[in-house]
2 protein chains.
Amino acid sequence: MVPDTPDRLDDDIDAGIVRAVSHDARATLAELSAAVGLSVSAVQARLRKLETRGVITGYRALVDAESVGKPLAAFVEITPLDPGQPDNAPELLEHLAEIEACHSIAGDSAYMLLVRVASPRHLETLIRAIRSAASVNTHTTVVLQTFYENRPILPA
Amino acid sequence: MVPDTPDRLDDDIDAGIVRAVSHDARATLAELSAAVGLSVSAVQARLRKLETRGVITGYRALVDAESVGKPLAAFVEITPLDPGQPDNAPELLEHLAEIEACHSIAGDSAYMLLVRVASPRHLETLIRAIRSAASVNTHTTVVLQTFYENRPILPA
DNA sequence: GTTGAAACCGTACGGGC
DNA sequence: GCCCGTACGGTTTCAAC
């Protein structure tokens with residue numbers, strides 16, 4: 001039996017490109033070229049492919065949350081009030097820009113959110129908005145300090 | 001009394017630049033210039049300042065975790081075995097590349113980690129490594145599905 | 001902040017492996 | 001198929017204003 005391709009990286013060069021652009025998304029093709037030892041054209045073609053195949057899904061600036069007025073982060077676990085109802089909480093909450101991430105999880109709660117707000121008062125307002133928008137209970141864990149986050153996901 | 005600057009964005013134009021580069025970190029200065037209505041040079045100078053002031057701390061490619069062989073994510077809460085000891089768990093764990101984020105938190109546990117691994121077996125190995133490296137108990141919540149994450153932090 | 005000129009970069013295309 | 005080189009238009013950079 002032929003083994004399935006375990007992931008969508010063709011080879012070590014693709015992995016090197018992903019690593020380099022994960023470390024600095026604004027790196028030029030010339031810099032990426034130097035990093036992996038291929039011509040600029042070849043790197044450009046590979047980068048395009050990585051984007052179209054969905055390996056690279058976008059490019060983001062990392063922004064200091066305090067600098068943009070959102071110094072308070074929290075994990076909010078949510079659970080539907082009525083477990084019988086169809087559950088589309090992620091969609092119902094998508095319009096709330098304070099929510100940075102939404103995962104469904106194993107364990108006591110149904111979803112884990114990561115949120116960022118300006119103050120405890122804003123956190124209270126957001127939690128109320130979450131509860132009423134998605135008909136859920138919430139369990140909130142305040143982040144006291146972030147040591148690191150958004151470390152690059154490196155190809156194995 | 002003069003109000004303290006609440007954050008480190010000078011004005012709406014800086015906010016616009018941050019928003020634009022958060023949405024697409026590979027946008028050219030010309031594109032950013034068009035987005036905020038300033039000359040290319042002025043945008044470049046502002047972007048540099050935002051970087052040196054620490055408002056923008058870097059640029060990352062968003063990588064599909066499954067495509068690079070890490071389809072399994074989990075939240076790992078950790079608590080020191082001996083609460084009397086000096087606690088430098090974040091440093092002790094920093095060398096583990098599977099850890100994407102480390103926050104200290106309020107509540108039952110001391111820290112919340114976000115980790116990504118290839119399989120349940122790798123998760124077990126990682127949890128053992130975390131326990132022995134930082135002398136902690138762990139409480140793990142597996143991520144079943146990620147609806148969204150890394151949504152941009154927009155200036156208020 | 002703006003303009004402008006030189007250096008650099010992104011892109012498409014041709015040819016070779 | 002993938003890769004490299006070249007050429008042209010767009011971009012980045014920096015100095016002068």
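So that the names make sense, note that chain A is the first sequence line, chain B the second, and so on, each numbered from 1. Source: prediction; values computed, not measured.
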Q: Only counting residues at least two apart or in another chain, list the ones meeting ring pair (Phe, Tyr, Trp, His ring centres under 6.0 Å) with His103(A).
A: Phe75(B)
Mind checking whether [X] and [Y] have side chains closer than 4.5 Å, heavy atoms only?
X	Y	value
Tyr148(A)	Leu93(B)	yes
Ser109(B)	Thr79(B)	yes
Val115(B)	Lys70(B)	no
His23(A)	Arg19(A)	no

Can you tabulate the close N/O pairs, meaning under 3.5 Å, that link protein atoms to atoms of nucleotides 5-7 of chain C?
none

Q) Within less than 4.0 Å of OP1 or OP2 of dG10(C), is there a side-chain N or O belonging to Arg48(A)? A)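 Looking at the OP1 and OP2 atoms of dG10(C), neither is under 4.0 Å from any side-chain N or O of Arg48(A).
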Nearest non-hydrogen partners of [X] and [Y], listed with the distance:
X	Y	answer
Leu72(A)	Pro120(A)	CD2-N, 3.5 Å
Glu94(A)	Arg151(B)	O-NH1, 2.8 Å
Ala89(B)	Tyr111(B)	CB-CE1, 3.7 Å
Ser22(A)	Arg60(B)	O-NE, 2.8 Å

Q | Residue Asp108(B) excluded, over 12 heavy atoms near CG under 6.0 Å | A | no
Q. Expressed in angstrom and rounded to an integer, what is the separation of Asp11(A) atom CG from dC2(D) atom P?
A.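 Rounding to the nearest Å, CG of Asp11(A) and P of dC2(D) are 10 Å apart.
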Q) Nearest-Å distance, CZ (Arg46(A)) to P (dG10(C))? A)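 Roughly 18 Å, once rounded to whole Å.
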Q) Under a 4.0 Å heavy-atom cut-off, which of residues 20-44 of chain B touch DNA chain C? A)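 Within this stretch, Leu38(B), Ser39(B), Ser41(B), Ala42(B) sit under 4.0 Å of the strand.
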Q: Specify the residues of residues 50-64 of chain B, ordered by number, for which at least one heavy atom lies under 4.0 angstrom from an atom of DNA chain C.
A: none
Between N or O atoms, less than 3.5 Å apart, protein on one side and nucleotides 14-17 of chain C on the other: list the pairs.
none

Q.
Any carboxylate oxygen within less than 4.0 angstrom of a Lys/Arg side-chain nitrogen, looking at Glu98(B) and Arg116(B)?
A. no
Show every donor-acceptor pair shorter than 3.5 Å between a side-chain atom in residues 134-141 of chain B and any protein atom, with sequence neighbours excluded, or say none if there are none.
unit_1: Thr138(B); atom_1: OG1; unit_2: Arg131(B); atom_2: NH1; d: 3.0

Q.
For the residue pair His122(A) / Ser119(A), report whether a side-chain donor-acceptor contact shorter than 3.5 Å exists.
A. yes
